[in-house]
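For reference, the structure discussed in these notes is given below.
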Amino acid sequence: MKRYTTIAFCMLFFAFVGKQNLFVVPKNFPPPVYDFKNNPLSVHKIFLGRTLFYDPILSTNNTISCESCHSPFSAFTHIDHALSHGINDSIGTRNSPALMNLAWQKSFMWDGAIHNLDMQALAPISHPAEMGSNMKEVVEKLNTSPKYRQLFYQAYKDSVASGENTLKAISQFMLTLVSANSKYDQVMRNEVSFTEQEFNGYLLFKKNCASCHTEPLFTNGNFENNGLPIDTQLQDLGRMRITGMAQDSLKFKVPSLRNIAYSFPYMHDGRFKKLTDVLNHYSKGIVASKTLLPQLNGNFTLNSNEKVDLISFLLTLSEKEFVFNPKFQYPK
Amino acid sequence: MQKELDLFFMKEPTQKTKVFEILFLMFLLLSFGLNGFCQQSEKVKIGVLVNFANQPIVLHDSNYVLKDGSFVKFEILKFYLSNLQLLLNNKVIYAEPNSYHLIDCAVLSSQNIFLGLSQNIAFDAVKFNLGIDSLTNVSGAMGGNLDPVNGMYWTWQSGYINAKIEGSCLLSPEEKKEFEFHLGGYQNPFNPLQTIELNTTSSNFNIALSLDAFFANIDLAKQKNIMLPSIDAVTLSKRLSKCFSIQ
């Protein structure tokens with residue numbers, strides 16, 4: 001009897017430990033926004049989501065996967081492409097955002113059109129210039145695939161795919177994309193220290209950037225107009241498209257700066273290729289308008305040494321482990 | 001008591017107990033069967049009918065006549081009824097749990113709603129929402145009637161489409177003479193959710209949606225498309241909510 005109790009305890013313990021490891025809130029992070037109770041993580045569901053993420057089956061002509069525009073090696077964005085492209089070489093209107101720490105994100109897309117991670121994948125699946133499909137078509141295709149019937153059975157004890165289970169599985173994989181072990185994080189945990197240049201950059205960052213790119217996620221999740229001249233071809237008004245309010249004109253979501261060295265080009269339309277281009281914009285390229293973020297009204301002045309220091313700090317936000325994590329890559 | 005239990009489960013069954021057991025089992029089966037049968041027939045049933053000038057709507061083929069004499073044809077008619085409640089003297093006496101019904105004119109079975117309670121309940125009104133409430137809108141991916149495969153969830157931005165009314169009419173300036181009303185959204189100031197309360201005491205009643213009343217106030221030559229949350233979507237949702245009645 002005693003032996004059985006011990007075994008039962010051990011099993012319970014390992015079940016508990018096993019569950020805990022699927023998603024750990026980093027010590028310096030706030031509680032996540034995503035409601036895990038509605039979609040409890042499991043190894044099989046994450047694997048199903050990861051398989052879907054890398055599978056062009058999600059697009060109408062089986063050519064484009066999530067990974068096409070969100071490659072792990074660029075912190076899950078579309079490297080070298082200012083505007084991302086989808087099926088039949090269609091070009092979109094925005095730069096695909098890097099994917100990380102999505103459990104802490106309140107809204108998705110540059111204009112916050114999507115309010116829940118579960119619903120995010122619907123947008124690229126349905127957009128005619130991205131995957132050009134729809135959820136019904138996707139689910140029908142998945143249900144005729146013996147591979148997916150097996151994966152769905154393993155994940156949900158039901159081999160039939162539904163829209164809900166498909167979307168939730170994709171969420172599960174995306175939730176595991178946590179980046180919280182950059183040099184910056186290690187410094188914050190007192191494991192290593194900044195160089196003098198990085199430290200000076202950190203001070204400049206706190207003075208000039210941190211009100212929007214707030215630590216530790218390096219975004220406050222808000223929408224702001226950062227003074228970019230409007231692209232006359234794209235005529236993208238950003239957040240205003242969603243709210244219909246003039247006060248949101250030209251506002252876009254403040255992106256996280258984590259892994260920024262990997263996720264070029266920058267801005268909602270990918271107009272800047274290098275970090276120096278970005279800093280040059282903030283120091284001398286700001287276009288004044290009614291909705292311009294007040295902090296940017298001529299307050300951002302950095303000399304060239306300071307710019308170099310600031311960039312050296314920004315590079316401490318890179319996490320090689322995240323970008324090359326085999327658990328995040330093409331499932332084998 | 002213990003003795004009886006022993007008799008039933010532990011002891012070698014005698015001829016007598018065997019007969020008793022079989023009789024008892026038969027009685028159990030019969031009573032469960034009857035019970036199930038009775039429950040099925042006694043549940044409060046709500047039929048949902050979509051009409052145009054008292055004619056039931058048939059998608060794709062039939063033409064219906066607008067006030068000015070022009071013909072209108074329907075291709076898609078889908079809408080959500082949610083949060084169904086029965087009231088007595090303005091008090092809620094029954095609230096259907098997990099109450100989300102997608103009424104689809106193309107799916108006959110979607111037009112019958114069986115509430116999980118028997119007909120011997122007294123009520124004098126039925127109350128429901130036309131559309132999906134804002135809390136459900138922000139609660140992530142859902143299944144069944146709320147599954148995005150139903151095509152009632154916007155993809156370019158988040159939010160349910162409460163009602164889809166699509167068809168064609170020569171008045172429409174569109175090339176293919178189509179009109180498309182997608183009434184949805186959940187955020188203020190453009191939250192189109194409507195609550196409807198209708199009086200009825202029958203436990204087997206029909207809720208009718210009369211589309212002639214809805215189209216009586218729309219000029220399809222001017223207003224033929226609504227595809228996003230807007231003040232127009234709110235106005236049309238209000239108008240649609242006034243077209244429900246008990247039949």
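- Contact annotation for A:S171: neither backbone nor side-chain heavy atoms come within less than 4.5 Å of a heavy atom of chain B.
- Contact of the A:N116 side chain with the B:S158 side chain is not registered, since no non-hydrogen atoms from C-beta on lie closer than 4.5 Å.
- Surrounding CD of A:Q233 are at most 12 heavy atoms belonging to other residues, nucleotides or ligands under 6.0 Å away.
- The greatest number of non-hydrogen atom pairs below 4.5 Å with chain A, out of B:F190, B:Y186, B:W154, is found for B:Y186.
- Between the side chain of A:D118 and the main chain of B:A141, a donor-acceptor pair closer than 3.5 Å is present.
- Residue A:K157 places its NZ atom among more than 12 non-hydrogen atoms of other residues, nucleotides or ligands, all under 6.0 Å distant.
- No more than 12 heavy atoms of other residues, nucleotides or ligands lie within 6.0 Å of OH in A:Y153, so this atom counts as exposed by the packing criterion.
- Residue contact with chain B, scored on non-hydrogen atoms closer than 4.5 Å, involves the side chain of A:N38 exclusively.
- No side-chain donor-acceptor contact under 3.5 Å links B:Q157 to the backbone of A:A113.
- One finds the CD1 atom of A:I242 at 9.0 Å from the CD atom of B:Q187 (value rounded to the nearest 0.5 Å).
- Counting heavy atoms from C-beta outward, A:R241 and B:W156 have side chains that approach closer than 4.5 Å.
- No other option in B:N150, B:N137, B:T155, B:L146 has as many heavy-atom pairs under 4.5 Å with chain A as B:T155.
- A distance of 8.0 Å separates OG in B:S139 from NE2 in A:H115, rounded to the nearest 0.5 Å.
- Within the 4.5 angstrom heavy-atom criterion, atoms from both the backbone and the side chain of A:I114 approach chain B.
- Heavy-atom pairs under 4.5 Å with chain B peak, among A:M135, A:E140, A:H127, A:M119, at A:M119.
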